[in-house]
Each structure stands twice: as structure tokens, then as C-alpha cells.
Amino acid sequence: QVQLVESGGGLVQPGGSLRLSCASSGITLDYYAIGWFRQVPGKEREAISVISGTDTSSWYSDSVKGRFTISIANGKNTVFLQMNDLKPEDTAVYYCAADYIPLGRGLPTGPWEFDYWGQGTQVSVSS
């Protein structure tokens with residue numbers, strides 16, 4: 001079975017950094033897009049970054065562009081989200097998700113498009 005497990009969340013001061021990890025099993029990331037999403041209570045789940053396991057092309061939301069970087073480990077079992085210059089507005093539960101992408105299809109960014117989800121990890125940025 002497919003399993004995604006996030007780790008690396010925690011409490012950090014504004015301006016600080018965290019690196020989230022999404023460890024996968026049961027899938028070959030070569031054939032998947034991996035997305036990072038975040039959600040605040042009472043708000044819609046927001047896509048913040050997606051990467052293609054096929055060609056490593058990536059997408060970032062405007063709120064995160066220039067501060068966050070998504071990457072895939074060489075072994076392609078783990079996807080990272082490096083988060084720099086964190087702001088209080090970044091406080092949320094962060095989820096990773098996987099979507100099988102047919103050849104030539106663009107990167108998905110809607111939560112409904114993703115088949116598999118991790119359990120989430122809390123990121124809190126506060127003084």
C-alpha cells in the first residue's frame with residue numbers, strides 16, 4: 001500500500017527556517033507529482049508547491065515563491081520542502097500528497113487531484 005509520512009515540523013521564530021520531509025513507500029515517484037499543501041483551521045487547503053517526479057519541474061504559489069524550495073532526493077523516495085524566511089502567516093498544518101501523472105500532463109495543484117495523503121505536520125511560526 002501507498003504511504004506518505006511527513007516530518008520536520010515544529011515551532012520556529014519569524015525569519016527562521018525549517019525543512020519538511022515527505023517519505024514515500026509503495027509508489028515510484030518517477031510516475032507521480034508530489035505536492036505540499038497547508039491548511040489553517042476554517043480555511044481551504046492551499047497548494048504551495050508541486051514537483052514532478054518525472055522531470056523535476058516544479059510549481060510554487062505566490063505566497064511562497066522565493067522563500068520555499070521543493071526537491072526530490074536522489075533515491076526518489078523522499079520529497080523535501082525547504083522553508084526559509086518563515087512568517088507567522090505560514091503557520092499551518094502541512095501535508096504532502098501524491099498524484100499519478102500520465103505522460104505529458106501538467107502539474108496538478110488542486111487537492112482533489114491527489115490520490116494519497118500524509119498525516120500532516122504542524123508548523124508554527126511565532127515569537
Side-chain angles (χ1 to χ4, degrees):
Q1 82 296 328
V2 175
Q3 188 174 20
L4 304 175
V5 180
E6 301 98 333
S7 61
L11 177 63
V12 66
Q13 295 181 23
S17 297
L18 285 173
R19 189 177 75 161
L20 304 184
S21 297
C22 176
S24 65
S25 60
I27 58 173
T28 301
L29 294 188
D30 284 350
Y31 304 106
Y32 286 82
I34 304 297
W36 284 98
F37 295 78
R38 64 187 183 189
Q39 189 166 27
V40 175
K43 302 282 189 177
E44 281 189 51
R45 190 164 296 188
E46 173 194 16
I48 56 173
S49 188
V50 182
I51 190 165
S52 167
T54 304
D55 62 9
T56 71
S57 60
S58 61
W59 171 91
Y60 298 90
S61 69
D62 289 340
S63 64
V64 133
K65 195 174 299 181
R67 298 189 297 121
F68 292 8
T69 303
I70 192 168
S71 62
I72 301 179
N74 280 346
K76 293 198 171 184
N77 65 309
T78 303
V79 174
F80 301 104
L81 185 69
Q82 178 66 45
M83 306 187 296
N84 297 326
D85 192 25
L86 284 161
K87 306 175 185 299
E89 312 87 84
D90 295 318
T91 296
V93 177
Y94 284 70
Y95 300 89
C96 66
D99 179 43
Y100 182 79
I101 47 173
L103 184 68
R105 186 163 295 179
L107 292 175
T109 57
W112 60 90
E113 299 180 79
F114 287 79
D115 300 310
Y116 306 106
W117 292 84
Q119 80 287 356
T121 185
Q122 177 71 46
V123 171
S124 298
V125 6
S126 174
S127 299

Worksheet, complete the sentence: Taken in chain and number order and not counting sequence neighbours, the residues that satisfy side-chain hydrogen bond (donor to acceptor under 3.5 Å, both in side chains) with Ser57 are Asp55
Worksheet entry | For Ser17, side-chain hydrogen bond (donor to acceptor under 3.5 Å, both in side chains) partners two or more places apart | Asn84
Worksheet item: In chain order, what residues pass the side-chain contact (heavy atoms from CB on, under 4.5 Å) check against Thr54, with sequence neighbours excluded?
Response: Ser52, Ile101
Worksheet, complete the sentence: Residue set satisfying side-chain contact (heavy atoms from CB on, under 4.5 Å) with Thr28, at least two apart, ordered chain then number -> Asp30, Tyr31
Worksheet item: What pairs meet the side-chain hydrogen bond (donor to acceptor under 3.5 Å, both in side chains) rule with one or both residues in residues 40-50, with sequence neighbours excluded?
Response: Arg38-Glu46, Gln39-Arg45, Glu46-Ser63
Worksheet item: Taking 4.0 angstrom as the limit, do Lys65 and Asp62 come out as a salt bridge?
Response: yes
Compile the donor-acceptor pairs under 3.5 Å between side chains in residues 117-127 and protein atoms, sequence neighbours left out, one pair per line.
| from | atom 1 | to | atom 2 | distance (Å) |
| --- | --- | --- | --- | --- |
| Trp117 | NE1 | Phe114 | O | 3.4 |
| Gln119 | NE2 | Glu6 | O | 3.1 |
| Thr121 | OG1 | Gly9 | N | 3.3 |
| Gln122 | NE2 | Ala92 | O | 3.4 |
| Gln122 | NE2 | Ser124 | OG | 3.3 |

Quick test of your reading: applying disulfide bond (SG atoms under 2.5 Å apart), list the pairs with at least one residue in [range], sequence neighbours left out, ordered by first then second residue.
{"range": "residues 57-92", "result": "none"}
{"range": "residues 59-95", "result": "none"}
{"range": "residues 47-84", "result": "none"}
{"range": "residues 15-69", "result": "Cys22-Cys96"}

Response to the item:
Contacts of Asp115 meeting salt bridge (charged side-chain N to carboxylate O under 4.0 Å, His left out) (sequence neighbours excluded), chain-then-number -> none
Practice prompt. Scan for salt bridge (charged side-chain N to carboxylate O under 4.0 Å, His left out) pairs involving residues 12-27, sequence neighbours excluded, and state none if there are none.
Written response: none
